[in-house]
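Worksheet: one structure, shown below.
Within every chain, numbering begins at 1; the chains are lettered A, B, ... in the order of the sequence lines, protein sequences first and strands thereafter.
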Amino acid sequence: MIAFVLRRLLQGVIVMLVVGLIAFSLFNFVGDPVSLMLPPEATQADRDAMRQALGLDKPFYVQFVTFIGNAVQGNFGISLRLGRPVSTLLVERLPATLELAFTAAMIGLLVGIPVGVYTALKRDSWVSRALLTTSLVGVSLPNFLIGIFLILIFAVWLGWLPSFGRGDTVKIGLWSTGFLTKSGLKSLILPAITLGFFPVTLIMRLVRAEMLEVLRTDYIKFARARGLSDRAVNFGHALKNTLVPVITITGLQLGGIIAFAIITETVFQWPGMGLLFVQAVQFADIPVMAAYLCLIGLIFVVINLVVDMLYYLVDPRLRAERGGSGGH
Amino acid sequence: MPAATPDAKPLLQVKNLRVEFNTRRGTLVAIDDVSFDIAPGEVLGVVGESGAGKSITGTAIIGLLEPPGRIAGGEILLEGMRIDNLPAEEMRKIRGRRIGAIFQDPLTSLNPLYTIGHQLTETIQTHLAMSMAQARARAIELLAEVGIPAPERRIDHYPHQFSGGMRQRVVIALALCANPQLIIADEPTTALDVSIQAQIITLLKRLCRDNGTAVMLVTHDMGVIAETADRVAVMYAGRIAEIGPVQEVIHNPQHPYTAGLMASIPALGHEVERLSQIEGSMPRLNAIPTGCAFNPRCPRVFGRCTVERPSLLPAGKSLAACWLHAEGSVPLDLNKDWSEGAVHA
Ligand SMILES: Nc1ncnc2c1ncn2[C@@H]1O[C@H](COP(=O)(O)OP(=O)(O)OP(=O)(O)O)[C@@H](O)[C@H]1O
Ligand code: SF4
Ligand SMILES: [Mg+2]
């Protein structure tokens, strides 16, 4: 187990170094920060002074090592657009994105798993067929379109829910949460559904396919032959085996959800990291973009690690193979 | 010899069973007019080529046919009560409790994510009113009975921690959990190493004899049948070709197909100089000839065979679905057909 975790940690570090390198190269390839930061009438001397102050005159690898060193300490410099430390900006925006992503993932699981199980068990009912067709539409419909439809129906026509923003938030330490106020929760509904749509359809189809596969196995047939109740067979035996791959995909999806929140956040003007990133791109605000990339990379790596360990806990066969315990 | 006396009330009666598969290319009749009984405590061997319908028959009895398969006719009775048309929940209570089942592949019969103890206690508690502690004690007892060493420790192990033979012992323990009256064992040793097949059969035979459990034993191994079964049913193309006491069927077959089958088995072939194989192959379900299904391959085929389908007729001490027994008199030595280089029609 420990060897396994260490190996995955090492892989994670390597991935983060690569992500760091990409983020760092942004500084060199996307515009010249000096000309962006200084007024057009600045002299060459002003430019050189600025260059020196920013450490841009040093060789590439020195700059990179400095960058990584700062990044590890959470120091990504000052936002060119807002003039405030990038890390402060991200910490301010992080809760909004994580709450949105978490809610979307929950919708994905809480709707996707039951619907997937239902469509697998009642394979031939017209409800299942209707759900499958809907999911197909859901997969092929672009995210922003779903968001715009929802806004049109629930905010513009019915006027039930707000169409943008996060509503009122409550501060708990550094974390500002929208879960505790009525307007916060109301504002969360439409963006969370928009962002959760894809995970729902994905998880549902995955659960269905896996469940159908598992229901065909010998051990399910034998469980039935033993006279176990349908509930015990379908949920105790079949679903548990189905969940092994579902855990992996859902976990990996969570990273995707956070990354793709960019679009939803833009549509709903949701004050999260995604929106910050989009605005940073428009302004070529490299420090914010670089920091965002590194953070998303880190989130992916951490999620991967957690998913692997969950997988490991659920499947006793992996425990035996990797941990070398208890096999006979 | 048979634990069952001939006049004992049958435990299981299968009457004119018909199983159909509705496929896109029409209805396939997989089991056609199959009838047989199993007496309490009796071991009925079922043999026949691949695709003859052995597994489907067993699956129909335990009520686990999967669509598009369905029972299209006939009756199945357990101690005189019809079980083929029971509501799903009633049938579920019979499965595992009164009729147990063992399938071919022990490597895949157990859920890999649960300990064998979990799977045992779950089954025990489904059928018997027992506390968790009682169920666990019974599970350990069962594991000991099926010959798992150190059962108190092994009970908490996962299936992948057992060898194939040990897993099939666990499967047997699971099938016997609630002391069923009948076990349907579908090729219980085919997937196992040859060296342990005999052990498993001996174990199954001993446990069933001790508990008075009847067995429907599907196998390709005539040696196993000869040693274990009281009676044998020979299936061909979804029908029963012959059914009778084991020694009779082996040494004095009354159906040309049975005779051919026996002659193709070295250890059992009677007065055979060289092994013979029945020419041709079993017809596909969508191309079963009219009359006797065996007529294209039969060395004794005659006029009536291609027009009219024979039902099971008394033939010596057995029953055989063959027109040669229509007059019910001529004692046949069908073994000859296959022993002398065989003149085939
Ligand atoms: N789902 C299905 N759809 C159509 N036909 C089927 C289906 N399942 C089984 N059959 C047919 O039913 C017939 C009987 O199959 P069965 O599995 O009972 O054979 P078997 O005697 O057990 O053979 P084996 O010795 O290979 O196990 C076969 O001809 C098979 O093609
Ligand atoms: S009925 Fe005719 S074809 Fe069929 S087994 Fe008997 S002799 Fe052969
Ligand atoms: Mg079979």
B:Arg138 atom CZ, neighbour heavy-atom count above 12 within 6.0 Å: yes
Polar side chain donor-acceptor pair, A:Thr177 to A:Glu99, under 3.5 angstrom: yes
salt_bridge(B:Glu122, A:Arg226) N-O dist < 4.0 Å: yes
B:Val215 vs B:Leu182 side-chain heavy atoms within contact, under 4.5 Å: no
Atom pair CD1 (B:Ile183) and CG (B:Leu217), whose distance is rounded to the nearest 0.5 Å: 11.0 Å
Polar contact flag, side-chain donor to acceptor under 3.5 angstrom, A:Thr194-A:Asn143: no
B:Thr59 versus chain A, the contacting section by heavy-atom distance below 4.5 Å: side chain
Under 4.5 Å from any heavy atom of chain A - which part of B:Leu113: both
Interface residues of residues 204-218 of chain A facing chain B - non-hydrogen atoms under 4.5 Å apart: A:Asp218
Neighbour count above 12 (heavy atom, 6.0 Å) for A:Lys240 NZ: yes
Which atoms of B:Gln119 approach chain A - backbone, side chain, both or neither, heavy atom under 4.5 Å: both
Chain A interface, residue from B:Ile184, B:Thr126, B:Leu174, B:Ile62 that has the most non-hydrogen pairs under 4.5 Å: B:Leu174
Contacts with chain A made by residues 79-99 of chain B (heavy-atom distance under 4.5 Å), listed by residue number: B:Arg92, B:Arg95, B:Gly96, B:Ile99
Flag, side chain of A:Glu265 to backbone of A:Gly274, donor-acceptor distance under 3.5 Å: yes
B:Arg136/B:Asp156 ion pair, N-O < 4.0 Å: yes
Donor on one side chain, acceptor on other, B:Arg154 and B:Gln161, under 3.5 Å: no
Flag for B:Thr189-B:Gln168: side-chain donor and acceptor within less than 3.5 Å: no
Residue among B:Gly63, B:Gly100, B:Pro112, B:Ala101 with most heavy-atom pairs under 4.5 Å to chain A: B:Pro112
B:Thr219 and B:Asp221 side chains, donor-acceptor separation under 3.5 Å: no
